[in-house]
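Only heavy atoms go into these numbers, but all of them, side chains included; no hydrogens, no water, no symmetry mates. Each chain gets a letter, A, B and so on, in the order the sequences are listed, and its residues count up from 1.
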Protein chains: 2
Amino acid sequence: MDTAKQYLIENGIKPSVQRLAIMMYLLEHRTHPTVDEIFNDLSKSIPTLSKTTVYNTLKIFAEKGAILSLTIDEKMVRFDGYNQRHAHFRCLNCNKVFDIPLNHDVEFPKEEATKDFQNIETHVYHRGYCSECTKEKKKIK
Amino acid sequence: MDTAKQYLIENGIKPSVQRLAIMMYLLEHRTHPTVDEIFNDLSKSIPTLSKTTVYNTLKIFAEKGAILSLTIDEKMVRFDGYNQRHAHFRCLNCNKVFDIPLNHDVEFPKEEATKDFQNIETHVYHRGYCSECTKEKKKIK
DNA sequence: AAACAAACTTGTAATAATTACAACTTTGTA
DNA sequence: TACAAAGTTGTAATTATTACAAGTTTGTTT
């Protein structure tokens with residue numbers, strides 16, 4: 001709670017009730033939730049919450065670098081409040097997104113063709129079948 | 001042309017006129033085009049082409065492993081017919097997607113937590129500003 | 001404390017990528 | 001030639017996201 005507040009301030013984000021709730025949600029739910037999931041869950045405790053606010057807030061968080069927005073899912077953006085280096089894995093069957101250790105840094109190459117590029121962020125995405133789905137041979141098709 | 005035909009057959013895809021045209025388009029245009037770009041360009045030579053066919057076809061290609069579908073763009077999927085190991089970079093200003101050398105393989109970690117995972121594909125995405133946009137200081141905001 | 005502006009939130013309507021689906025066409029084969 | 005399977009097409013539906021204008025909250029000046 002105070003951690004979340006602190007964290008927002010550190011990242012130059014003014015902590016409103018809604019922002020705090022969303023940030024806390026992300027810190028507590030390491031499930032890479034979608035806008036819909038966040039909105040549905042938080043609506044229970046904040047009935048006046050608007051989905052637009054969730055969109056606006058997550059956009060600001062990502063712009064300020066407080067969270068990551070993941071495009072590992074074709075349909076919708078997912079969000080991640082975990083700020084250590086790690087990769088992601090999406091199960092093609094159950095669609096869950098997992099944190100995966102990333103042991104070596106993936107650097108942006110310093111080469112002639114890319115030397116004037118300004119790299120901001122790097123993501124590593126794995127896709128396949130998670131242990132559950134592999135075991136249960138739920139691999140449709 | 002024959003290369004494309006060959007390539008489709010090798011990947012277990014029956015080469016129709018439309019499929020061949022789309023595969024050739026991808027081999028010739030290393031621009032990571034969207035469905036819309038492919039559809040608009042190919043419509044000129046194949047006026048009867050349907051956008052649904054483009055969607056269907058690209059989906060099959062990706063499922064068969066003949067092409068890559070990239071989710072580096074939040075709004076829409078992009079496609080890549082280049083099958084050597086490489087990373088991607090999207091410019092946050094001009095939105096172009098570039099191929100970037102990937103010098104070291106990014107392996108899926110063999111650890112307790114992930115040992116039963118079945119990894120199918122791994123993508124490395126960079127986001128930032130390309131050389132053009134960096135130079136021209138078009139970095140909005 | 002009242003007045004005011006700036007920042008933030010809300011709800012609805014618009015946009016746009018993608019999918020569903022049913023009809024039509026082409027291809028391969030008996 | 002006839003038929004079934006596979007492929008294509010166009011339209012309608014779905015759905016994530018954004019635009020926008022009105023309402024609310026917050027902080028500051030007096």
Side-chain angles (χ1 to χ4, degrees), chain A residues 4-5 8-9 11-23 25 32-64 66-67 69-79 90 92 95 97 140-141, chain B residues 4-5 8-9 11-23 25 32-64 66-67 69-79 90 92 95 97 140-141:
Chain A
K5 196 169 188 173
L8 290 183
I9 293 167
N11 283 278
I13 300 158
K14 217 160 97 189
S16 69
V17 172
Q18 292 85 345
R19 290 174 178 179
L20 241 179
I22 293 170
M23 191 67 234
Y25 186 90
H32 318 89
T34 63
V35 166
D36 250 65
E37 287 164 354
I38 298 171
F39 173 72
N40 288 330
D41 282 1
L42 289 182
S43 285
K44 294 166 195 162
S45 42
I46 312 175
T48 58
L49 186 66
S50 159
K51 198 177 277 188
T52 300
T53 298
V54 180
Y55 272 103
N56 291 341
T57 302
L58 291 167
K59 189 175 193 178
I60 290 171
F61 286 6
E63 280 170 3
K64 297 283 187 175
I67 66 172
S69 76
L70 311 179
T71 57
I72 196 169
D73 200 306
E74 286 86 30
K75 315 250 183 189
M76 52 214 160
V77 180
R78 292 176 168 278
F79 296 89
R90 181 165 67 87
L92 296 167
N95 221 33
V97 174
I140 297 154
K141 219 181 320 155
Chain B
K5 196 168 188 171
L8 288 183
I9 293 166
N11 283 278
I13 300 159
K14 218 160 98 189
S16 69
V17 173
Q18 292 85 344
R19 289 174 178 179
L20 242 180
I22 293 170
M23 192 67 235
Y25 186 91
H32 317 88
T34 62
V35 166
D36 249 66
E37 287 164 355
I38 298 171
F39 173 73
N40 287 330
D41 282 2
L42 289 181
S43 286
K44 294 166 195 161
S45 42
I46 311 174
T48 58
L49 185 66
S50 159
K51 196 176 277 188
T52 300
T53 300
V54 180
Y55 272 103
N56 291 342
T57 302
L58 292 167
K59 187 174 193 177
I60 290 171
F61 286 5
E63 280 171 1
K64 296 282 188 178
I67 66 172
S69 77
L70 310 180
T71 57
I72 196 170
D73 199 307
E74 285 86 29
K75 314 249 182 192
M76 52 216 160
V77 179
R78 293 175 168 278
F79 295 90
R90 182 166 69 87
L92 295 168
N95 221 33
V97 174
I140 298 155
K141 218 179 326 158

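- Looking at heavy-atom distances under 4.0 Å, Ser16(B) makes contact with sugar-phosphate atoms alone, never a base.
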Given protein heavy atoms under 4.0 Å, the one-letter contact record of nucleotides 10-19 of chain D, with B base, S sugar-phosphate only and - none, is simply BB----SBBB
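- Every ring-ring contact (aromatic ring centres under 6.0 Å, His included) that Tyr25(B) has, sequence neighbours left out, goes to His29(B).
- When rounded to the nearest whole Å, the span between CG of Asn40(B) and C1' of dA17(C) equals 14 Å.
- In this structure, CE on Met23(A) lies 11.5 Å from OG1 on Thr57(A), to the nearest 0.5 angstrom.
- A distance of 9.0 Å separates CG of Asn11(B) from CZ of Phe61(B), quoted to the nearest 0.5 Å.
- Between Ile13(B) and the options Glu63(B), Lys5(B), Lys64(B), a side chain to side chain contact (heavy atoms under 4.5 Å, CB included) holds for only Lys64(B).
- One can place CG of Asp73(B) at 14 Å from C1' of dT18(C), the figure rounded to the nearest angstrom.
- Distance Phe39(B) CZ to dA16(C) C1': 15 Å, rounded to the nearest Å.
- In this structure, Gln18(A) reaches the dT10(C) phosphate: one of its side-chain N or O atoms is under 4.0 Å from OP1 or OP2.
- Side chain of Thr71(A) to backbone of Glu74(B): no donor-acceptor contact under 3.5 angstrom is found.
- In this structure, CD1 of Ile13(A) is placed 18 Å from P of dT26(D), rounded to the nearest angstrom.
- Protein atom NZ of Lys64(A) is 12 Å distant from nucleotide atom P of dA7(C), rounded to whole Å.
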Fill in: Check against side-chain contact (heavy atoms from CB on, under 4.5 Å), Phe79(A) and Ile22(A)
CA-CA 11 Å; Phe79(A) 296 89; Ile22(A) 293 170; over 6 Å; no
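- Of the inter-residue distances, the one linking Ile46(A) atom CD1 with Asp41(A) atom CG reads 11.5 Å to the nearest 0.5 angstrom.
- Between the C1' atom of dG7(D) and the CD1 atom of Ile22(B) lies a distance of 12 Å, rounded to the nearest Å.
- Protein atom CG of Leu20(B) is 14 Å distant from nucleotide atom C1' of dG7(D), rounded to whole Å.
- A straight line from CZ of Arg19(A) to P of dT25(D) spans 15 Å, rounded to a whole angstrom.
- Within the model, atoms OG1 of Thr48(A) and CD of Gln18(A) stand 6.5 Å from one another, a figure rounded to the nearest 0.5 Å.
- Taking each heavy atom of His32(A) and Glu37(A) in turn, the nearest pair found is O-OE1, 4.5 Å.
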Readout for nucleotides 25-30 of chain C: B = base within 4.0 Å of protein heavy atom, S = sugar-phosphate only, - = neither; 5' to 3' it is ------
